[in-house]
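Reviewing the structure listed below.
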Amino acid sequence: GAVVSQHPSWVICKSGTSVKIECRSLDFQATTMFWYRQFPKQSLMLMATSNEGSKATYEQGVEKDKFLINHASLTLSTLTVTSAHPEDSSFYICSASPAGATGELFFGEGSRLTVL
Amino acid sequence: EDQVTQSPEALRLQEGESSSLNCSYTVSGLRGLFWYRQDPGKGPEFLFTLYSAGEEKEKERLKATLTKKESFLHITAPKPEDSATYLCAVRIEGAQKLVFGQGTRLTINP
């Protein structure tokens, strides 16, 4: 089956520091990965579409300089939350599809970020 | 504007009590409707994809159906382990991303 892995599962950091979250497709290659954010008891909100070898496409209202996305290979995308603040605390989830952009998405386990 | 609305927001059932979850959508060209299950603190788990009205998919106690305006996730004789949040998402024509509904929190009491 299609497996997407995220690391770390949870991270606690101090306000003002940067945090990097990795998303890997373990058994398939993904030219496109998606990063979502989820607040407690709410649904998933798409933050950005990560494209291998090119710039990410951000959704309206998402700060590009705050949430840096790098998709350096066909199996790895990273999300860096820069100068994190308590309001950035959330559950971040990545997803990818082994069938290209039109197939079903498979999600990682999620990464819970807590900014003190 | 493309919209996905799920109902009810929350549902409590007794073990063995069958029911249905609803996902209504208003989109400009559907290119797939997806059902996911999400357990607390975990990423969504893929369940079904439906592409055209009249299509049905089944997996164990779950059955998903699709019309031109909505999708239903029928759960037959549920067990406590079916307790989770069920998410519906759509992909619209010309887009790669999925748009999610708010989800239905399902609780099955033993």
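Below, read A as the first sequence line, B as the second, and so on, with proteins coming before strands; counting in each chain starts at 1. Keep in mind it's a predicted model, so treat the numbers as computed, not measured. These numbers come from the heavy atoms of this one structure, side chains and all, not from hydrogens, waters or symmetry mates.
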Exercise. How about residues 54-89 of chain A versus chain B: which residues have heavy atoms under 4.5 Å apart?
Worked result: A:E59
Problem set entry | A:F34 to B:K97 - nearest heavy-atom pair and separation | CE2-CA, 3.8 Å
Exercise. Hey, what do you get for OG1 (B:T85) to CD (A:Q38), rounding to the nearest 0.5 Å?
Worked result: 8.0 Å
Exercise. What is the minimum heavy-atom distance between A:E104 and B:Y51, and which atoms define it?
Worked result: OE1-OH, 4.3 Å
For this session: Could you tell me whether B:E81 atom CD has more than 12 heavy atoms of other residues or ligands within 6.0 Å of it?
Result: yes
For this session: Count the heavy atoms of every other residue, nucleotide or ligand shown that sit under 6.0 Å from NZ of B:K42, and state whether that count exceeds 12.
Result: no
For this session: Could you look at A:Q6 and say if it's the side chain, the backbone, both or neither that has a heavy atom under 4.5 Å from chain B?
Result: neither
Seminar exercise, completed: dist A:Q42:CD -> B:Q102:CD (nearest 0.5 Å) comes out at 6.5 Å
Exercise. Where does B:F46 contact chain A at under 4.5 Å (heavy atoms): side chain, backbone, both or neither?
Worked result: side chain
For this session: Indicate the atoms forming the closest heavy-atom contact of B:Q38 with A:F91, along with that distance.
Result: NE2-CE2, 4.2 Å
Exercise. Closest heavy-atom contact between B:P44 and A:I93?
Worked result: CD-CD1, 4.1 Å
Problem set entry | From B:L98 atom CG to A:F107 atom CZ, the distance as rounded to the nearest 0.5 Å | 6.0 Å
Seminar exercise, completed: Cut-off 4.5 Å, heavy atoms of chain A, and the answer for B:Y36 is side chain
For this session: Determine whether more than 12 heavy atoms belonging to other residues, nucleotides or ligands lie under 6.0 Å from atom CZ of B:R12.
Result: no
Problem set entry | Side chain / backbone / both / neither for A:L44 at chain B, heavy atoms under 4.5 Å | both
For this session: Say whether, by atom type as modelled, one donor and one acceptor occur between the side chain of A:S43 and the main chain of B:G103 under 3.5 angstrom.
Result: no
